[in-house]
Amino acid sequence: MNPSMVISPSFFSVDGLVGAVFLIMVAITLIGGLIACNSERLVRSVAGLIVCFVGVAGLYYFLNSPFVAMMQILIYVGAVAVTISFAIMLAAPEEQKRVGPSGPLVGPFGFATAALLAGGFSILAIRTDWKVMAKINDGSVKTIGIQLLTEYSMVFELISIVLLIAILGALVIARGGREG
Amino acid sequence: MSLLTLYNNINSFLVIGAILFGLGIYGMVTRRTLIGMLIAAELILAGASVNFMAFNRFTSPDPVAGQVFTLFIMAIAAAEAAIGLSIIIAVYRQFKSIDAEDTVQLKG
């Protein structure tokens, strides 16, 4: 076992600063997630979603995957969040008539369900003794590219067809009822 | 185990994934508008991706598989957002509302 996992590093050492940056990323992720599912206006909700995705990209950086972190920012923050903002501007009424939950019991029961699921998964994760296996390659961007075009080439082609059909379907559905 | 060494431990990433998933479920249950539900679904997908990446980094022998899986989750999420938002726009054109409880045309 790595000795740095047992001995607590000083805050001003390199390890300590890395740990502090990790805690900041976790805080950004959780605060963004809380804003995304609790704010009263949808635009603020999307802003919280963007903050949350930037934090998740930081977590991916800590998981040895700078490529996936960049893709997270490009695809989620750059494309998905912008698409959702467009939809809010096109479809959401100026004044949300009723903002809160639809019944008096929805909030508490929803919170109970979410807390039960999150707590259960957390306890399950902490109590399990995860086996660590030796790596068979380095997981670099070059290896990802080679494997995408050899071992995962079929899935790669299928996902591009799925995206093409999704874009065409979105155009057809959104144009359908348009008058004039 | 101190706070500053949490980044080197699989459990912290799994707990963050579980919390993101729980936030997504909470938003999905309590949101009234369809766009709010879509945002909550994105949170759920982010939680799943964090889990995949954590297992990829700490336990999997092949550190490429989890990254490729996360890339595919991103592509599926983009497709889902495009289709879902165009459906929401079509629903808004029909009902003049994106409240999930106003779309009750089939209710007897």
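Lettering of chains follows the sequences in order, A, B, ..., and the numbering in each one begins at 1.
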Inset, instruction - Name the option with the most non-hydrogen atom pairs under 4.5 Å to chain B; the candidates are Ala112(A), Gly19(A), Cys37(A). - result: Cys37(A)
Legend entry - Rounded distance (nearest 0.5 Å) linking atom CD1 of Ile126(A) with atom CD1 of Ile10(B): 11.5 Å
Inset, instruction - Kindly give the heavy-atom pair with the smallest separation between Gly110(A) and Tyr26(B), and that separation in Å. - result: C-CD1, 3.7 Å
Legend entry - Test item: Met53(B) and Val68(A) side chains (from C-beta on) under 4.5 Å apart, heavy atoms: yes
Inset, instruction - Look at Thr143(A), Ile123(A), Ile84(A), Thr128(A) and state which one has the largest set of heavy-atom pairs under 4.5 Å with chain B. - result: Ile84(A)
Legend entry - Sub-4.5 Å side-chain heavy-atom contact between Leu20(B) and Val56(A): yes
Legend entry - Side-chain heavy atoms of Leu63(A) within contact of Phe58(B), under 4.5 Å: yes
Legend entry - Approximate separation, where rounding is to 0.5 Å, of Leu34(B) CG and Leu42(A) CG: 10.0 Å
Inset, instruction - Of all the heavy-atom pairs spanning Asn11(B) and Ala125(A), show the shortest one and how long it is. - result: OD1-O, 3.2 Å
Legend entry - chain A contact via Ser12(B) - which portion, at a heavy-atom distance below 4.5 Å: side chain
Inset, instruction - Check whether any side-chain heavy atom of Ser45(A) sits under 4.5 Å from a side-chain heavy atom of Arg31(B), and report yes or no. - result: yes
May I have the list of side-chain donor-acceptor pairs in residues 67-87 of chain B shorter than 3.5 Å, sequence neighbours left out?
unit_1, atom_1, unit_2, atom_2, d
Gln67(B), NE2, Gly139(A), O, 3.3
Gln67(B), NE2, Pro63(B), O, 3.1
Thr70(B), OG1, Gly66(B), O, 2.9
Ser86(B), OG, Ala82(B), O, 3.4
Ser86(B), OG, Ile83(B), O, 2.8

Inset, instruction - Mind checking the CD1-CD1 spacing from Ile88(A) to Ile35(B)? Nearest 0.5 Å is all I need. - result: 5.0 Å
Legend entry - Between Ala115(A), Ser65(A), Ser140(A), Cys52(A), the one whose heavy-atom pairs under 4.5 Å with chain B are most numerous: Ser65(A)
Legend entry - Non-hydrogen side-chain atoms of Val29(B) and Thr113(A) separated by less than 4.5 Å: no
Inset, instruction - Show the numbers, then the answer: is there a side-chain contact (heavy atoms from CB on, under 4.5 Å) between Leu117(A) and Phe21(B)? - result: CA-CA 8 Å; Leu117(A) 278 170; Phe21(B) 181 81; 4.0 Å; yes
Legend entry - Aromatic ring proximity, centroids under 6.0 angstrom, Phe13(B) and Tyr60(A): no
Inset, instruction - Heavy-atom pairs under 4.5 Å with chain B are the metric here; pick the option from Thr29(A), Ile75(A), Leu49(A), Val132(A) that has the most. - result: Leu49(A)
Legend entry - Atom pair CZ (Phe86(A)) and CD1 (Ile89(B)), whose distance is rounded to the nearest 0.5 Å: 10.0 Å
Legend entry - Any donor-acceptor N/O pair, Arg93(B) side chain to Arg175(A) backbone, under 3.5 Å: no
Legend entry - Which of Ile159(A), Leu116(A), Val21(A) touches chain B most, by non-hydrogen pairs under 4.5 Å: Ile159(A)
Legend entry - Largest heavy-atom contact set with chain B, pairs under 4.5 Å, which of Val46(A), Asn38(A), Val162(A): Asn38(A)
Legend entry - Pairs where residues 123-160 of chain A contributes a residue and the test ring-ring contact (aromatic ring centres under 6.0 Å, His included) is met, not counting sequence neighbours: Trp130(A)-Phe55(B)
Inset, instruction - Return the option, out of Ala90(B), Ala65(B), Ser49(B), Gly47(B), with the maximum number of heavy-atom pairs under 4.5 Å with chain A. - result: Ser49(B)
Inset, instruction - With the side chain counted from C-beta on, respond yes when Arg57(B) and Phe62(A) share a heavy-atom pair under 4.5 Å apart, and no when they do not. - result: no
Legend entry - Contact class of Ile39(B) relative to chain A, heavy atoms under 4.5 angstrom: both
Inset, instruction - Find the distance between CG (Leu30(A)) and CG (Leu23(B)) and round it off to the nearest 0.5 Å. - result: 7.0 Å
